Amino acid sequence: MTSQEIRTLTDQYMMHTYGRFPVAIDHGEGARLYDPEGREYIDFTSGIGVSDMGYGYQPWVDAIAKQSNKLGHISNLFYTEPPAKLAQTLCQRTGMSCAFFANGGGEANEGMIKLARKYSFDKYGKGRATIITLNNSFHGRTITTLVATGQEVFHNYFFPFTEGFRYADANSLESLKAEAGEDVCAVMVELVQGEGGVLPLDQDYVQAVARLCRERDWLLLVDEVQTGVGRTGTLFAFQQYGVTPDVVSFAKGIAGGLPMSGILANEKCRDVLGPGMHATTFGGNPVCAAAGLVVQNTLTDAFLEDVQAKGTYLQNQIESMGLPCFGKTRGMGLMIGIEVRDGYTNKEIAARLIEHGLLVLTAGPGMRLLPPLVITKEEMDRGLAIMRETLG
Ligand SMILES: *Cc1c(COP(=O)(O)O)cnc(C)c1O
């Protein structure tokens, strides 16, 4: 099919829930993507932080082929090897105690919320179920994670919403304390607010939140759906913040492009959810888990250091271009935000770059770059050249 035919078919038969760019993608190689007509795009998006191994990564393709030949799905009524090994790897690399696998970020966060409420119920009984989240956060699109999302624009249309969420300002311990109360059971944060605009929390603040959580026996829930799995240059971003969450969620990059998510719980929380209390049919799917193991094997310490170096390189190069539309850059590893100056809009800039062959994302009022973690210097330079030619 041609790009035009794909677009026509999509618009006719799929719900109009997405504002798509007028580009159809057919296949890819490394950090390069191609439309059905063979036009090349450099990818600074990873499909929103998912395809961390790029496209056509041979170990990933092979592992999926091998596992799908053996067994595609059997359910959690039986034991399978790939999710067990993936859980072991994740726990050993983070110091967490056990994993629960699900399918998407919102669903993983739902599990984290259920776990926090059950922990509190077991210890303190009813009436201690409120979770404090941060303004400008993003936690998902289910009814409950929409409420957890600290942005008014999301709290519309779908009433009634789930009760039990309050919001504090990021990086303000005073604001958090102002929301404290006997009804609180947990605090949930993104360490780098992703959709909100690539805004890293302050280290001191995060450590103070962790202390407050310990003092009050609130669970510290960290949403690493976007920051997790190597994106920030460590396996999880919390490893750079000097804190250990009680529960951490992950999704986007975990299986390099197959739908998978999950949560890791520490020792204190490992048995909070017992048999029958939480489940999901597809969770821990062996093909997705086999793909996840390839991602884990690829994310060695040396590889992760390189992610940090690539991120620094991209930020420095963009700042030194001095483009009229861009202000400062920020971020961690290959999760990069770029300020957009007054008089320009991020959506227009993204559309122009995409038209010229560079796929980018927006977040909040700025630009967001989430290139595949395997991106090469040559691919980065090609993307930067497009940026310079298009916006200079
Ligand atoms: C993307 C994202 C989610 C939602 O994930 P889905 O897979 O779309 O449900 C939740 N939290 C954060 C931080 C995210 O970036």
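Quantities reported herein were computed from a predicted structural model and do not represent experimental measurements. Note that ligands are numbered from 1 as they come in the structure, with each ligand's atoms numbered from 1 the same way.
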- Close aromatic pair by centroid cut-off 6.0 Å: Tyr167 and His155: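 When the ring centroids of Tyr167 and His155 are compared, they turn out to be within the sub-6.0 Å range.
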
- Would the Tyr344 and Phe326 ring centres measure less than 6.0 Å apart?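 No, ring centres 6.0 Å or more apart.
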
- Message: Looking at Tyr119, I'd like to know if the NZ or CZ of Arg117 sits under 6.0 Å from its six-membered ring centre while staying within 45 degrees of the ring's axis.
- Response: no

- Does a donor on one side chain and an acceptor on the other come within less than 3.5 Å for Glu37 and Thr2? no

Please tabulate, for side-chain N and O atoms in residues 20-31, each donor-acceptor pair with protein atoms closer than 3.5 Å (sequence neighbours left out).
none

- With hydrogens left out, which residues have an atom under 4.0 Å from ligand 1, given that only heavy atoms count?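 Around ligand 1, where the cutoff is 4.0 Å for heavy atoms, the contacting residues are Gly104, Gly105, Gly106, Asn109, Phe138, His139, Gly140, Glu190, Asp223, Val225, Gln226, Lys252.
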
- Basic-acidic side-chain contact under 4.0 Å: Asp217, Lys123: yes

